[in-house]
Amino acid sequence: MKLSRKFLCLSLVFSLLLSSCSTGRGFAGGEKISIAYAEPISGFSPTTYDSNNKKYISNIYETLVHYDKTFNYETGLATSWGRYDDLTWEFRLREGVLFHDGGTFDADDAVYSLEAAMGVENSQLSSLLSNFEKIEKVEPYKIRIYTKKPDPLLLNKLVNVYIFPSGYEDFDNPDGTGPYFLQSIAGGDLNLQRFDQYWGPAPFFKNVTLTAITNPDERLQAILSNKVQVLANVPPQYVEALKEQSINVSAFPSLEVSYLMFNFQGVFRDQNLREAVNSALGTNYAEKFGAGYLRSTSQFAALGIFGYSKTFADRSQNIEKALEYRNLHEGDVNVTLDIPIGLEELGGQIKENLADVNIIVTVNASEPDEFENKILQGQSDFYFFGWKYDLADVSDFFETVIHGQEGNFGKFNGMNYANSQVDEYIEDASEILDSAQRRNLIQLITKEILDERVGIPLFEAEVLYGLRPELLWEIRLDGLILASEIVGKGV
């Protein structure tokens, strides 16, 4: 899994940090709706773990289990599930479901799709499903999943695994069971049509166009002129202009949290310096750079996911305390802060804050690939880092970023951080099936790494959506815009 595909989708943060018309005629309700994103789709493979591609193909494919709008599990192509033992899960599948090509969904398709996600070439899900031992067809509409060790996140993982027909390999021609099928691709637009044989409730709109408009000004004009009716990635600087034209604009948590992370093999192995940075940094970065759509945070977990807690105290700036910690470290401190290109203003503010406590910072802004490589090689003194909680659980972050580099753990640990006790806690949490016990252990892990100042949580981004006044739609915590959930007013 490529780092840039997992840690923070930086385009969202850039759009917030860098931001300091008629309404047109109405559309024919029920006939067509257009949804616009800031980035185009880059591939149609149902084995994707790319959050941008999932925004498009989630209208075409379905999963065994899915989330409701607030991360509760709901039945999908599986109607029920349960555990035989700690390593064995059984799923009863939905009958009477058709693929878009007319084929009938059954256990063979579920087994084939899961095995492909586990091991097909170029699958982005293979690492996610590495704990899966075997998938077994039990009956025509029943399967079992065997894991190598207990897996409390098994259902969360299945939410990300799309189901497709047995033997299907032509991923460029999507074939799912969803409420819409791909009718055509024109100029980068995906034109979807309502699937009349869909097993669930029929969507309100017959036709859906998914389009990408990379230019912020063009996105604004597209919704003002009614070229599109739903707009993801609303540029913050245009919120007032949209509201003036009766466009509904809503902000919602993005599950994307940003931090500063320290290299424990450099000068920041001295906790006194980490404490000095923690106390010296301003607490208004979200307000100053986010145009009102970044939210300050004091913890690693995103709002709304498993592991988030209100019990941790907010960070406060205290220059006097910062100087006390700084003076416990002898000698000059000259460090390089690594950030992606586009975040120079934020880097400059951090540099200014730390100069007040005699920590001299050089800000190094680099292209994403260069930035990524330097972090993964453990060569950065300290660096900007973001994480998107696709699994709606903080354990993914702990296992991948905080745990020491060992086996499948610590793949994105660029801090050279290693704490055997924390590692043991993280490994235990990865196998505890009782949610109350897991929650308590996760709180203990969080306290440990906050006390050690492994990193400093800065802010959590919010996503801005624009919606034409003729429509009704409830925003989802997972960030997906499912056209089947959008209806015209009066329905």
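Because the structure is predicted, anything quoted here is derived from the model rather than measured.
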Exercise. Kindly state whether the ring of Phe385 and the ring of Phe412 have centres lying under 6.0 angstrom apart.
Key: no
Quiz prompt | Pair Ser42, Asn53: side-chain N/O donor-acceptor within cut-off below 3.5 Å | solution = yes
Practice problem: Would you indicate whether the side-chain heavy atoms of Ser254 and Lys388 approach each other to under 4.5 Å? | Solution: no
Quiz item: At what distance, to the nearest 0.5 angstrom, does OG of Ser34 lie from CG of Asn226?
Solution: 8.5 Å
Exercise. Indicate whether any N or O donor in one side chain lies under 3.5 Å from an N or O acceptor in the other, for Tyr285 and Asn353.
Key: yes
Quiz item: So do the side chains of Thr211 and Ile35 get within less than 4.5 Å of each other, counting heavy atoms only?
Solution: no
Self-check item: Any donor-acceptor N or O pair under 3.5 Å, side chains Glu324, Asn327
Solution: no
Quiz item: Shortest non-hydrogen contact from Lys149 to Asn131?
Solution: O-ND2, 2.9 Å
Quiz item: Does the side chain of Asn263 come under 3.5 Å of the side chain of Asp381 through a donor N or O and an acceptor N or O?
Solution: no
Quiz item: Say you draw a straight line from CD of Glu448 to CD of Gln443; how long is it, rounded to the nearest 0.5 Å?
Solution: 12.5 Å
Quiz item: Leu260 and Leu458: which non-hydrogen atoms are nearest, and at how many Å?
Solution: CG-CD1, 3.9 Å
Practice problem: Indicate the atoms forming the closest heavy-atom contact of Leu129 with Ala117, along with that distance. | Solution: CD1-CB, 3.7 Å
Self-check item: Atom CG of Asp332 with >12 non-hydrogen neighbours under 6.0 angstrom
Solution: no
Quiz item: Between the side chains of Lys54 and Asn160, does any donor sit under 3.5 Å from an acceptor?
Solution: yes
Quiz item: Is the closest side-chain donor-acceptor distance between Gln349 and Lys288 under 3.5 Å?
Solution: yes
Self-check item: Pair Gln124, Thr48: side-chain N/O donor-acceptor within cut-off below 3.5 Å
Solution: yes
Quiz item: How long is the gap from CD1 on Ile223 to CG on Asn248, to the nearest 0.5 Å?
Solution: 9.0 Å
Practice problem: May I ask you to check whether Thr209 and Asp189 show a side-chain donor-acceptor distance below 3.5 Å? | Solution: no
Exercise. Would you check if Arg219 and Val234 make a side-chain contact, meaning some heavy-atom pair closer than 4.5 Å?
Key: no
Self-check item: Backbone N/O of Ile360 and side chain of Asn334: donor-acceptor pair under 3.5 Å
Solution: no
Quiz item: Are Thr70 and Asn72 close enough that a side-chain donor and a side-chain acceptor fall under 3.5 Å?
Solution: yes
Quiz item: Do Glu452 and Tyr417 have side-chain N/O donor and acceptor atoms under 3.5 Å apart?
Solution: yes
Quiz prompt | Aromatic plane relationship, Phe382 with Phe262 - under 30° parallel, 30 to 60° tilted, over 60° perpendicular | solution = parallel
Quiz item: Do other residues, nucleotides or ligands put more than 12 heavy atoms under 6.0 Å from the CD atom of Glu74?
Solution: yes
Exercise. Using a strict 4.0 Å threshold on nitrogen-to-oxygen distance, state whether Glu460 and Arg295 make a salt bridge.
Key: yes
Quiz item: Closest approach of Gly378 and Asn416, non-hydrogen atoms and distance?
Solution: O-ND2, 3.3 Å
Quiz item: Do Asn272 and Asp270 have side-chain N/O donor and acceptor atoms under 3.5 Å apart?
Solution: yes
Exercise. Give a yes or no answer on whether the side chain of Asn233 reaches the backbone of Tyr37 with a donor-acceptor pair at less than 3.5 Å.
Key: no
Quiz prompt | Note, Asp338 side chain near Phe371 side chain (heavy atom, < 4.5 Å) | solution = yes
Quiz item: Val335 versus Ile359: any side-chain heavy-atom pair under 4.5 Å?
Solution: yes
Quiz item: Looking at side-chain heavy atoms only, is the closest gap between Phe459 and Leu346 below 4.5 Å?
Solution: yes
Self-check item: Atom pair CZ/CD of Arg315 and Gln317 - distance to nearest 0.5 Å
Solution: 8.0 Å
Quiz item: With no hydrogens and no angle check, do the side chains of Tyr73 and Asp68 hold a donor and an acceptor under 3.5 Å apart?
Solution: no
Practice problem: Would you indicate whether the side-chain heavy atoms of Asp151 and Lys157 approach each other to under 4.5 Å? | Solution: yes
Quiz item: Does the ring centre of Tyr259 sit less than 6.0 Å away from the ring centre of Phe300?
Solution: yes
Quiz item: What do the steps show when you test Ile402 against Val422 for side-chain contact (heavy atoms from CB on, under 4.5 Å), and what is the final call?
Solution: CA-CA 8 Å; Ile402 300 300; Val422 169; 4.1 Å; yes
Quiz item: Does CD belonging to Glu474 count more than 12 external heavy atoms closer than 6.0 Å?
Solution: no
Practice problem: Check whether the side chains of Asp393 and Ser395 place a donor and an acceptor atom closer than 3.5 Å, and report yes or no. | Solution: yes
Quiz item: Hey, is Arg476 close enough to Glu485 for a salt bridge, meaning N to O under 4.0 Å?
Solution: yes
Quiz item: If every non-hydrogen atom of Tyr56 is compared with every non-hydrogen atom of Ala212, which pair is closest and at what distance?
Solution: OH-CB, 3.6 Å
Exercise. Quick one: closest heavy-atom pair of Leu441 and Ala429, and the distance?
Key: CD2-N, 3.6 Å
Quiz prompt | Tyr383 vs Ile339 side-chain heavy atoms within contact, under 4.5 Å | solution = no
